2 protein chains.
Amino acid sequence: MRSSEAGTTGRKRMGRPSQLSQEAIIEAAQRIIDAEGDGSLSMRRLARELSITPMALYHHVRDRDQLLRLLLETKARNLPRPSLPEDPRERLTAAAQLLHDVLADCPFLGEILTSDDLMTASCLWVIEAVLEAALACGFAVDEAVGLYRAVAHYTGGELLIRLTRERHLAAHRDRPPYRARALATLQPQTHPRLCALADRWPALTSRDTHRAGLQALLDGFFRTLDAGGAPAAAGPV
Amino acid sequence: MRSSEAGTTGRKRMGRPSQLSQEAIIEAAQRIIDAEGDGSLSMRRLARELSITPMALYHHVRDRDQLLRLLLETKARNLPRPSLPEDPRERLTAAAQLLHDVLADCPFLGEILTSDDLMTASCLWVIEAVLEAALACGFAVDEAVGLYRAVAHYTGGELLIRLTRERHLAAHRDRPPYRARALATLQPQTHPRLCALADRWPALTSRDTHRAGLQALLDGFFRTLDAGGAPAAAGPV
DNA sequence: ACCTGAACACCGTTCAAGT
DNA sequence: ACCTGAACACCGTTCAAGT
C-alpha cells in the first residue's frame, strides 16, 4: 500500500498507482510468505505478485539472498526494544532470550542460516546487548564472544528444527514423519530407553523447552565465573 | 565399485558391468559431494554421473529427501562406535560430543535439518547413548529428553552455521561476507562493544568453541541435579 | 533510470511407454 | 521389474533492447 520511505525518489507522476520500490517489494514478499509459506517465495512468484517482470526486481534488490536479509531486517527493525533488567546475569538471560524472540516467526530463517549470517543491521543491537551483559557479568572479551556464539548456535538450531517440524506438520499432515518409522522399527535389546519412550516421544519433543535449555547453557557459563577468581560483578542467582 | 549388499537381487547377467542399486547411487552421490560440494547434488546431476535417465533413480529411491537421509545413514553406519566412560556425567558428555562427531563433515546436513529429522536409523544409537547416560546421571525421563533436545539444538545450530561459513569462504573467497559490511557501518555510540570488537570478530568467531559451549550446557543441567534432592548417581566433577 | 522479452542453464517429479 | 523419453511446472540470473 504505502510506497518509498528511504528511497531516492517518491512517485513522479500522480497517474502511477505505485512506483516499484524496495519497500513495496518486501511488503509483497511478506504477503506471499504469510499466505503461502516461505516455500512459495521465489523471484518469479514475487514478480507475479507485483505484476512485473522478474527482472524488474533486480533493479531494486541485488539477488535473492539480499531479499531475504531485507525481510529479516524489516521484521527486526519494527520490533520493540524492551528495557533490560539491571542485574547483569538477569540482563544476559533477557538479552539471550531476545535474540530468540527477534528471530522467531521468521519462516525464511532457515534459508538465511544456510546462505549467510544472521548479523543483519537491526539484529546487531541484540548482539550488542548480549555482549554488554556478558562483560558486565565479569566475562573476559573472548569468553563473552564464545558465550554469544554458543547462545546463537543453540538459538539457531532450536528455531530451525522447530520451523522444520512445523512445516512438516502443515505440509503433509496425513503421513507420519520419517522419525515415527525410525522409532517403530527399533529393537528393545539395542535401544531400550528409546523403545520405552517411543510412544511418548512426539509429546515429549513437541514441548517448548527453549527457555530451560537456554538457562542451563547460561548457568553453565556462570559456573566457570563462580569457580574462577574474578569476583567482578557477582549477581544473586 | 562394489554393488548391492542389502538389495533383493544381485547382478543377473554377467555382461552388465554394474546393475543400478541403491548402494551405487549413494556412492555416486557421495562422489559428487566430495568433488563439487553438496550444492551440485541434484537428481539430474546424479543421473548424469551414473549415465542413466533421471527417472531411473526413482526406482531405487523414493525422492530427494530419502536420498539425503540415506547419505547420512551410510555415513553414520560406517562410523566406529567407541566405548564410553564409566562415570555417568563423563559418559553423557562423551555421548553428546559423539552426536556432533557423527553429524560433522556432512555438507548436506543443512538440507536434512530443513527438510526432516536427523533421527535416521544409524544415529539412533547415539541418541540412545545420550538418554542412557542422562538417566544414569539421575535425570527424570522428561528431563533427559529435554537435555537431549537442548544438545541436539545446540549441535545442529553449531554445525549448520559452521557449514554455511565454510561454504561461503570456499565459494566467494574474494568478496567479504555481508557480516563484514554490517560491522563496518556500525556506530560506536550505539554499539560500543561490537565496534571495539569489529577487528577481532573474524578471528574470535572462527575458533572452534563447540566443546566449551557443550560443556557449559551440560554443566547447567548438572547444576539443577545438584541443587535438587535426588542423589541418584552423583559423579565426581 | 527503470523496465521488458527472450534466453540460458538448470530444478524435482509425473506419466505413458518400452523391454 | 527396470529403464527411457517427453513433458509439466517450475527455478535464479544474464544480456540486449526498449522508453
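Lettering follows sequence order; numbering is per chain, from 1. Keep in mind that what you see is a predicted model, and the values were worked out from it rather than measured.
Between B:D63 atom CG and C:dC11 atom P the separation is 17 Å, expressed in whole Å. If you measure from atom CG of A:L57 to atom P of D:dT14, you get 13 Å, rounded to the nearest angstrom. Counting to the nearest Å, the C1' atom of C:dC11 and the CG atom of B:L41 are 12 Å from each other. Look at CD on A:Q22: it is 12 Å from P on C:dC2, rounded to the nearest Å.
Side-chain proximity of B:A56 to the nucleotides D:dC3, C:dG12, C:dC3 is greatest for D:dC3. If you check D:dC3, C:dG12, D:dT13 against the side chain of B:Y58, the one that comes closest is C:dG12.
Here A:T53 does not reach the OP1 or OP2 of C:dC3: none of its side-chain N or O atoms lies under 4.0 Å away. Between A:H60 and C:dA1 there is no side-chain N or O to OP1 or OP2 distance below 4.0 Å.
Within the 4.0 angstrom heavy-atom criterion, only backbone atoms of the sugar-phosphate kind lie near A:R64; the bases stay farther away. At a threshold of 4.0 angstrom between heavy atoms, the contacts of A:M55 include nucleobase atoms, whether or not backbone atoms are also involved.
The number of heavy atoms from other shown groups lying within 6.0 Å of CG (B:D105) does not exceed 12.
Salt-bridge check for A:E36 with A:R45: passed, with a basic side-chain N closer than 4.0 Å to an acidic carboxylate O.
Using a 30° and 60° split on the angle between ring planes, A:H153 and B:Y154 fall in the tilted class, from 30° to 60°.
When the C1' atom is compared between C:dC11 and D:dC8, the two are found 12 Å apart, to the nearest whole Å.
Both A:H59 and A:R44 lie near DNA chain C, and the one whose nearest nucleotide falls closer to the 5' end is A:H59.
Closest of all the heavy-atom pairs between A:W201 and A:L194 is CZ3-CD2, 3.9 Å.
In this structure D:dA7 sits in a base pair with C:dT13, meeting the Watson-Crick or G-U test at under 3.5 Å.
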